[in-house]
Amino acid sequence: MTDSSLDTAWAVDWLRRSAAVVSENRMALIELDRAIGDGDHGENLDRGFSAILEKLDSEPPLTPAATFKLAAMTLMSKVGGAAGPLYGTAFLRMGTAMGEAVEIDSALLAAGLAAARDGVVARGKAEVGDKTMIDAWTPAVDAAISAADAGASPAAVLAAAAAAAESGAVATDPLIAHKGRASYLGERAIGHRDPGAASSAMILRAAAQAGGASA
Amino acid sequence: MTDSSLDTAWAVDWLRRSAAVVSENRMALIELDRAIGDGDHGENLDRGFSAILEKLDSEPPLTPAATFKLAAMTLMSKVGGAAGPLYGTAFLRMGTAMGEAVEIDSALLAAGLAAARDGVVARGKAEVGDKTMIDAWTPAVDAAISAADAGASPAAVLAAAAAAAESGAVATDPLIAHKGRASYLGERAIGHRDPGAASSAMILRAAAQAGGASA
Amino acid sequence: MKKLINDPKAVVDESVEGFGLAHADLVVVHTDPLFVTRKVAKAGKVGLLSGGGSGHEPLHAGYVGFGMLDAAVPGAVFTSPTPDAIIAASVAADSGAGVVHIVKNYTGDVLNFETAAEMAQADGIEVRTVLVNDDVAVEDSLYTAGRRGVGGTVLVEKIAGAAAERGDDLDAVAAIGQRVNDNVRTMGVALSACTVPHAGVPSFELAENEIEIGIGIHGEPGRHKIPMEDANGITDRLLEPILADLAPVTGDKVLLFVNGMGGTPASELYIVYRHAAKVLRDAGLVVERSLVGNYITALEMQGCSISVLRLDEEMTELWDAPVLAPALRWGM
Amino acid sequence: MKKLINDPKAVVDESVEGFGLAHADLVVVHTDPLFVTRKVAKAGKVGLLSGGGSGHEPLHAGYVGFGMLDAAVPGAVFTSPTPDAIIAASVAADSGAGVVHIVKNYTGDVLNFETAAEMAQADGIEVRTVLVNDDVAVEDSLYTAGRRGVGGTVLVEKIAGAAAERGDDLDAVAAIGQRVNDNVRTMGVALSACTVPHAGVPSFELAENEIEIGIGIHGEPGRHKIPMEDANGITDRLLEPILADLAPVTGDKVLLFVNGMGGTPASELYIVYRHAAKVLRDAGLVVERSLVGNYITALEMQGCSISVLRLDEEMTELWDAPVLAPALRWGM
Ligand SMILES: Nc1ncnc2c1ncn2[C@@H]1O[C@H](COP(=O)(O)OP(=O)(O)O)[C@@H](O)[C@H]1O
Ligand SMILES: Nc1ncnc2c1ncn2[C@@H]1O[C@H](COP(=O)(O)OP(=O)(O)O)[C@@H](O)[C@H]1O
Ligand SMILES: [Mg+2]
Ligand SMILES: [Mg+2]
Ligand SMILES: [Mg+2]
Ligand SMILES: [Mg+2]
């Protein structure tokens, strides 16, 4: 791995850091989901990412794409609810976008993140402003593409994506939800952060930390 | 009615005052029963005595005995639980003991109270110290007989009975119960007053007030 | 207090009225006095009657129907019904072969049913009484009112009901009811108290991490409070006195009944059932029949009771016999 | 949080295991992935499968049996099951005539069942999906996830189950399921919240005199909070949007389903039933069939839902057809 590319170790580290941050924030995500959903988001993701850790130990993947496909299959079969298929699709599409590459440069990284986001949109049909994880992913992808176009390193691309995702998550606070369970609440969802946007920001921050740590 | 006897008006007044005191203390009796029973004693007696009031209006009784039999039949068919048959039997036996008399002197009054108490014992098999209404009735009957033997007026007999019943009720506080629901509690009943003893003391106080008021 | 009720004093009347409307194909509700009878009576059959305070639904009215009760007499909430209602229901349940009263052993129930039985007998109706007292939480001694009738009541009603339905005579029906009672033991636990509508406050206090062991079905406090435990631990605590008292021997066949107190999800009852079945198996018993659900409740109390009934062949056959009541139905 | 559970993470596995032990005569529990199938499958019959988050017991596993479901797939508490389990259950439920998936309309359920259906179809199993969305509390617009599937689900499962049992083909079973969904409307109320085991705290807050109108079955907040009212008032509030949306005409025959959310005594459900039956009668409708009890719950939540299903002759006939499942049984 060089300054200008990320490798399988990064992908694995990303997942491990995601597992750690989700586990640490399990209760916080439950609380967010309790307010405008059914209170299981933290539990569901924690179950899924714990299972990923076990899989990473028992069948270490050989490429970034294989790493993300392992994550996708595990999330799909362990998480359930809305987040399982959505995160599952995100990681699956990212893996597919990365093909056989073992070194991920900034352009491929941005393309991978865009494919992940497009996968979530394809499954969930949410638009920006619907108060879903898309409100974190779309600004993250936009920032990643801009950074990559401007010649930034993969680590910088990830840092830009994470920061944008965090702002995007915060920006869901004043919204009415149009998708997912929070949409049943109408105006009562106002003032609450979308749990999926919050977890997406955490996971993208984990990607940046893995990128920075190994850069 | 004279100083030396009570009449039907007294009997009716007793029941009316009992209804009033039970209704006023409905919640207090519920609380006592909630602590060591099932929390219905106040509700049950209130239902019974309210029904007695209606009956007294619609079919005014002509003798003390008829008054007490009306009370007995109403309590028996409206109260249920343990208190219904026990109070029902008490008033029934008191009525029977008074026969056709329209003037109740101290001796007959004491005999009536004793018959009432004996009826409760016959049905419920409780002894003094079992933490039941008998712990109010037995000292009341003893005091009534002593007073009558000493030549006291009926009003004074009732006052003595009421005072003794009140002490008897208070004296149930430290006891373990051997009859009724409170017996399931073993030592946990200690420190609580028996609800039936408490209501008996109230009802006997009502008798004395009716006697005093009309004396 | 938050309840789906109107006037607290009308709870029983309105509820039984709704019950009658919802199950008009099976039961008839009589008012003033209030009691419930089977829609299609069977001539010449021994009548089976039960009753007691309300708040234990579906007990007893839910068990009125083919193969179970002929009449049920609901009292006020947690208060035994009065003799006049029991007598009226006995008259309705009698088709000449006599009536068996199934009475839970509480002072109030015993006194009111005793009075009613006396008066019904005086009116020429033969009455036998089966007194249910299966609760091992209560010491059965001279110094208590004796063991309470709890979960076993449902089993007595089903099995005696099947005996009456097949044509057993008065003494035989009473005898099989008694045999069920002699072979069943129950113990309960509460995680929360219930609130009697007319009282408006919970019937006892439990701290956030306390449970009440040896609870009855009237919101009365139990044997003692203990700190919260897991389901397996609680199940062990309930089964231990049951097995000590029932003293079954290896190879005995039993019916395992895990009953919800009203406010406990079915999923939790099955977690208790799972461990109870294992404990019985480990004790060398054969769980031949099972019942899991809210069958004898204490309003919205959270908790459960476990009953173990030692079966013989006849009891098993009568248990399996068809029953068609609002709250218990199989074979038809 | 006080619950009769062991490890919060093992609640579903242990509960379903206990369920399987208690009903070993009717169902088989498969683990890893977890699903439940009918003990005696019928060859050549269309398979009926449902599933969803746990915590709604007896839904769905309680309805596996003759005349109803062939398979049920329980997810984690309040969390849709995953595609692998749905696929495995679909394979088990298919005897060559295809499988109908009955799915409650929640994003999670829809996405997981969609994925599973795609993959099962790719494996050569014909799948049809009936999406249940009977909850009138939710606006069905482009700006929401659409109406939720709630109480109507039980009715869809029973009636479509009877159609499958009598031998209807795949499209016909799906069509009758769809017809039930099109003719049923539901609205719920909560008097208290429930506590998801892994969360350990109640799913929403209600003041002592507040109730939540338009509640779903996942402890999610409802449409709005209002001050506590009496049962008749609450019943009126639930029926009003149901009737406005269903728009029945005088003389229509309906099934009235009063469902308990898990922590409400049966007596209260009958008080609601009593008034609801009166309101429907006053609206010129004929209450032809009734169902009262805990059939689709939200753990120990206190409250209820009312469903009104407009019946036609075929639906009534299929409703009456025999069913033999752990939680619904008649005619056999
Ligand atoms: N249609 C959708 N498109 C994108 N994201 C969605 C959609 N529906 C729900 N989500 C996301 O899923 C999150 C909820 O996930 P989770 O709580 O695990 O599932 P469930 O709602 O099934 O309980 C929401 O906070 C939201 O970000
Ligand atoms: N065997 C008995 N003999 C005398 N009094 C009794 C007996 N059993 C119960 N009681 C009295 O009845 C009272 C309880 O009455 P109540 O609450 O109305 O009936 P229940 O216990 O059926 O709910 C007790 O406080 C006690 O005084
Ligand atoms: Mg959620
Ligand atoms: Mg009492
Ligand atoms: Mg009582
Ligand atoms: Mg969920």
Side-chain angles (χ1 to χ4, degrees), chain A residues 26-27 29-48 50-51 73-89 92 120 122-127 129-133 176-189 192 196, chain D residues 8-9 33 51-53 55 73 75-87 106-116 135 137-139 141-148 193-205 214-225 298:
Chain A
R26 179 180 158 277
M27 213 48 222
L29 292 171
I30 284 177
E31 280 302 314
L32 290 180
D33 196 30
R34 216 162 64 83
I36 57 170
D38 58 353
D40 59 0
H41 190 58
E43 177 74 11
N44 293 347
L45 287 188
D46 189 32
R47 184 173 58 243
S50 303
M73 297 320 293
T74 309
L75 293 174
M76 204 84 99
S77 73
K78 290 293 173 190
V79 175
L86 293 173
Y87 272 117
T89 304
L92 192 67
V120 175
R123 304 254 24 199
K125 312 274 181 318
E127 295 171 12
D130 282 351
K131 195 168 186 140
T132 70
M133 59 173 71
I176 291 181
H178 294 154
K179 292 286 174 201
R181 274 177 212 287
S183 71
Y184 308 143
L185 284 181
E187 309 223 317
R188 290 169 86 186
H192 297 279
Chain D
K9 294 198 190 293
V73 193
V77 174
F78 292 171
T79 299
S80 158
T82 52
D84 54 326
I86 302 169
I87 295 166
Y106 298 94
T107 307
D109 294 80
V110 170
L111 294 181
N112 286 286
F113 271 90
E114 226 172 60
T115 308
D135 185 4
V138 171
E139 249 185 289
S141 82
L142 273 177
Y143 302 108
T144 66
R147 286 185 164 168
R148 300 175 286 209
C194 55
T195 298
V196 178
H198 64 246
V201 282
S203 52
F204 53 86
E205 269 98 41
I215 195 80
I217 51 171
H218 295 87
E220 66 272 52
R223 209 191 235 184
H224 53 270
K225 293 191 210 294

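Reminder, nothing fancy here: chain letters follow the sequence lines and each chain counts from 1.
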Enter the distance from D:Y106:OH to A:D38:CG here, rounded to the nearest 0.5 Å. 9.5 Å
Picking from [options], which has the most non-hydrogen pairs under 4.5 angstrom with chain A?
options	result
D:G75, D:G219, D:P81, D:P83	D:P83
D:V110, D:L111, D:V138	D:L111
D:R223, D:H218, D:E205	D:H218
D:P202, D:G53, D:A85	D:P202
D:P33, D:A76, D:S80, D:A137	D:S80

With a 4.0 Å cut-off, would you call A:E43 and D:K9 a salt bridge?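 Result for this pair is yes, salt bridge flagged.
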Polar side-chain atom of [X] near backbone of [Y] as donor-acceptor pair, under 3.5 Å:
X	Y	result
A:S183	A:H178	no
D:N112	D:G108	yes
D:T79	D:V77	yes
A:K131	A:A189	yes

Of all heavy-atom pairs linking D:G52 and D:D109, the shortest is CA-OD2, 3.4 Å
Please classify the contact between [X] and chain D as side chain, backbone, both or neither, with a heavy-atom cut-off of under 4.5 Å.
X	value
A:D40	both
A:A182	neither
A:A177	backbone
A:R34	both

Chain D interface, residue from A:K179, A:K125, A:M76, A:R188 that has the most non-hydrogen pairs under 4.5 Å: A:R188
Can you tell which of A:G42, A:G39, A:S77 has the highest number of heavy-atom pairs within less than 4.5 Å of chain D?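 When all of A:G42, A:G39, A:S77 are compared, A:S77 has the most.
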Side chain, backbone, both or neither of D:D84 within contact of chain A (heavy atoms, under 4.5 Å):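 Contact with chain A is through the side chain of D:D84 alone.
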Geometric cation-pi criterion D:R148 and A:Y184, 6.0 Å radius, 45° cone: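 Verdict for A:Y184: a cation-pi partner in D:R148.
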